[in-house]
Amino acid sequence: MTWAHFNWLAPPAIILWFLASLMVMRRKNKLADMFMIGGILIFAVFIVGFWIGVQRPPMRTMGETRLWHSFFLSAAGFLAYKRWKYSWLLVFSSLLASVFAIINMLKPEMHSIALMPALQSYYFVPHVTAYMLSYSILAVGTIASLIQLKKINSGKPDFNLYAFLDNIIYIGLGFLMLGLITGAAWAKEAWGHYWSWDPKETWAFITAAAYLIYIHLRLREANRKITLLMLPLAFVLLMITWLGTSFLPSASGSVHVYS
Amino acid sequence: MEEKKFIWGSPWGYRASMFTVAAMVFGGFLLQLLYGPFNFYFLHRPVNYIVGALMLILSVLSLSAKNNELAKRLSGIHLAASLMVFLLIFSLIMGLTPQMTSLPQNADLWARLGFAQVTSSWPFIIIYLATLMSLAMTVARRVKERRKGDLVFLLNHVGLWLVLAAAGLGAADMRRHVMYVQEGQMEWRVHSDDRQVMELPLAIRLDDFIMEEYPARLAIIDRKTGAAQPPGRPELYQFDPEKSKTSLLDWDIQILDYHYQAVPAGAGAYQYSNMPASTQAVQVIAQNHHSKIIRLGWLSPGNSLLPPSTLFLDDKFALVMAQAEAKRFVSKIKVFAQSGQETEAEVEVNSPLRVGDWLIYQYGYDNRAGRMSTYSSFELIYDPWLYPVYAGLILWALGALGLIVQGKPGRGKIE
Ligand code: HEM
């Protein structure tokens, strides 16, 4: 298969994901599962066919890695949804997956944009998808923490919301750490060191530390408000890691700064 | 007296823990001012073994002392969270202020306290070691207590301990050298940091160096200044052998012929050739949107032996082929170890070769010669701690999966 086939296979997959999102919002869970799996299978078939077609692992160009992002985001999002039954997990991940598929259809000239050799690695896709999943999950956690803060201020914290918050932060931190671990293993394979405190790495450490503080503070009685305030703070740090590192004075010459 | 009791009284709260960690940091600053930055080499074998072993022995011993207050405090959540807060502060300083590799002569107080080189400052190292100790004692206590959620807890904390200990303390044993090897030759010497020739226990013979390039990209440049257009955000077109039409600025461009390996064939044309000095070349036809002028010709980025070839579009602009970018570069090598072991392998970026405790990385080549490079360079890293670190990373990753699948145990189940 070639990219020409992608334009025939991607739209049905995107439509299936869209339908899955609609169904899950209407609580038609069986249908949602079927549509979701259908879309994921279409992507799997294309990836296998494309792999055979190009006769090498398809990880050399931006277009090829976006293909994997779509696949892993939808698959991991679906599994997380099946485990936790939060319907927004399915909606979020199929939306993200569709965005990458649509970029691949609309911008065919970007298929062949070259990846420098250091980026051509089996770690690239799990590394980036784990981070994307964690960012979207932690965003939800942040919103929930703001709601809870408001409730505390009016004197009645919601204990179910606490349970939700803790779970969502555990899940988000889990993905965040998977991104960090795959990043460390990848850096070792590419450059011979796991961690070199490159600005992006430093900020990833900062972000992870902030979430770790939250989950450890939650284990014993600690000041409720300070504990909860860790979450919006951690998300600000996360945004700096994601978007801001290019602008920091400490960031000149980072391997993670893309123009 | 009241105040004192509050700080040191049982249960040991956050205040006392923060105070303790702050005291450690303060001690670190004193050491920093007295001795300068921490010299990591100090921890090299066997010191790191001793430090690690001591931590493990102390953690196990701490279990036998029944109801030992100190052990409880050191393995408690309060100290753990306080250590994390200080790690967060130090990493924030690292993330916000420029870090240096060596201090200038006239460094100011900020730099002399270690803030310009946080990772080799005494306060940071002390917090790092205290975190390792606290982790070890927490794990020991939890193993003894046996509680719900133990598995995920253990995977995360044991994994993290292994990673922090083996990659952190182990870093003191690592050595790195860059070795340059000519094609067809054998090399075993490198330069040390002080420019002395050193012999390594490994020799590398470079049998072949192969470089693949991406199809070179097309761009329009200003004929006078050579600046790619539009200035500031130049548009580069990487054609793809499947699709050969595009437009750049005001020009429609069509690729008529492309050779990955070509040499000049007279009259500005190129033809296929597999000579080592061959270069990329492309034949294009360009038409201006407005004036409908048509230009036809060959473009080539050239190399150190062949001149580039450009196409003048009008008296201001020219169409050129930019230097090709590397897609992959591979060295076919044979490695001879002192033990008599011989290994043949292909080494490339993201795929190093391991021989004993040495890792051999593809490092570079003659950039100006590109695929005509007659040498390849390798980074040789001596790292006896690879397996423990990977074991730790795997445990930790399983722990991360555990968090994803299990969420927070005990509380918070939504079913
Ligand atoms: C990879 C980073 C870490 C993760 C993912 C993590 C996760 C967790 C989790 C999920 C728990 C709750 C376990 C349970 O009771 O079910 C916990 C407890 C705890 N963690 Fe961590 N932790 C990490 C790093 C650390 C570090 C660096 C320290 C020490 C400085 C630490 C000290 C503790 C302590 C003291 C407890 C309480 C254990 C107890 O009293 O039973 N953790 N951690």
Side-chain angles (χ1 to χ4, degrees), chain A residues 2-3 60 80 83-85 108-109 111-114 116-118 120-123 160 162-164 166-168 170-171 173-178 181-182 184-186 188-192 194-195 197 199 202-203 205-206 209-210 212-213 215-220 222 240 245 248-250 252, chain B residues 14 77-78 80-81 84-85 87-88 91-92 94-99 118-119 156 163 167 171 174 176 214-215 237-240 242-243 246 325-329 348-352 359 361 379 381 383 386 389-390 393 396-397 399-408 411-415:
Chain A
T2 66
W3 279 118
R60 281 271 166 85
R83 167 66 184 84
W84 289 100
K85 311 275 188 288
E109 74 275 20
H111 286 327
S112 53
I113 293 216
M116 58 189 266
Q120 297 167 18
S121 160
Y122 289 101
Y123 287 112
N160 285 328
Y162 260 131
F164 172 79
D166 284 346
N167 278 328
I168 214 67
Y170 272 50
I171 302 170
L173 178 69
F175 280 114
L176 192 76
M177 291 195 306
L178 285 180
I181 295 164
T182 48
W186 181 6
K188 179 69 181 177
E189 210 167 276
W191 298 295
Y194 305 95
W195 201 261
W197 298 101
T202 304
W203 280 92
F205 178 90
I206 293 170
L212 276 179
I213 292 173
I215 67 168
H216 287 89
L217 284 181
R218 286 283 299 149
L219 294 176
R220 297 276 187 291
I240 296 177
T245 37
L248 289 170
S250 49
S252 48
Chain B
Y14 280 110
I77 198 71
H78 298 110
M84 288 178 209
V85 168
L87 280 174
L88 179 71
S91 50
L92 271 172
M94 243 189 287
L96 290 169
T97 64
Q99 298 289 298
V118 170
T119 47
N156 275 308
V163 170
M174 301 226 328
R176 305 169 165 267
Y214 284 106
Y237 168 60
Q238 173 142 55
F239 68 90
D240 143 10
E242 279 176 37
K243 182 179 156 284
T246 189
E325 281 175 285
K327 183 184 204 171
R328 69 193 273 256
F329 40 105
E348 64 179 303
V349 178
N350 273 318
S351 159
L359 287 156
Y361 289 82
E379 185 165 33
I381 301 183
D383 180 1
L386 197 71
V389 177
Y390 271 92
L393 286 175
W396 184 9
L401 274 178
L403 293 185
I404 294 167
V405 173
Q406 202 178 55
K408 184 162 178 171
R411 284 178 277 181
K413 285 275 149 59
I414 28 152
E415 278 93 328

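These values consider heavy atoms only, across backbone and side chains, with no hydrogens, waters or symmetry-generated copies. Residue numbers begin at 1 in each chain, while the letters A, B, ... track the order of the sequences.
Phe175(A) touches chain B through backbone and side chain together, each having a heavy atom under 4.5 Å away. With a 4.5 Å cut-off on non-hydrogen atoms, Val405(B) touches chain A through its backbone and its side chain both. Interface remark: Ala80(B) contributes no atoms to any contact with chain A (heavy atom separation under 4.5 Å). For Ala80(A), no part lies near chain B; criterion is any non-hydrogen pair under 4.5 Å. Proximity to chain A is limited to the side chain of Leu359(B), based on heavy atoms less than 4.5 angstrom apart.
A donor-acceptor contact shorter than 3.5 Å links the side chain of Arg176(B) to the backbone of Gly192(A).
In this structure, the side-chain contact (heavy atoms from CB on, under 4.5 Å) partners of Thr119(B), at least two apart in sequence or on a different chain, are Trp197(A), Met94(B), Phe124(B). Here Ala171(B) pairs with Phe40(B) under the side-chain contact (heavy atoms from CB on, under 4.5 Å) rule; sequence neighbours left out.
Taking both residues in full, the closest heavy atoms of Trp191(A) and Ile381(B) are given as O-CD1, 4.1 Å, listed atom of the first, atom of the second, then distance. Between Arg220(A) and Ile77(B), the closest heavy-atom pair is CG-CG2, 3.2 Å. The nearest pair of heavy atoms linking Ala209(A) to Leu88(B) is CB-CD1, 4.0 Å. Counting all heavy atoms, side chain and backbone alike, Pro117(A) lies closest to Ala326(B) at CD-O, 3.6 Å. Among all heavy-atom pairs drawn from Lys188(A) and Tyr390(B), the shortest one is CG-OH, 3.6 Å. Residues Leu178(A) and Ile404(B) share a closest heavy-atom pair of CD1-CD1, 3.8 Å.
Inter-residue side-chain proximity for Asn350(B) and Tyr122(A) is flagged as unmet; no heavy-atom pair is nearer than 4.5 Å.
Contacts with chain B were tallied for Ile181(A), Ile171(A), Thr202(A); Ile181(A) has the most, counting heavy-atom pairs under 4.5 Å.
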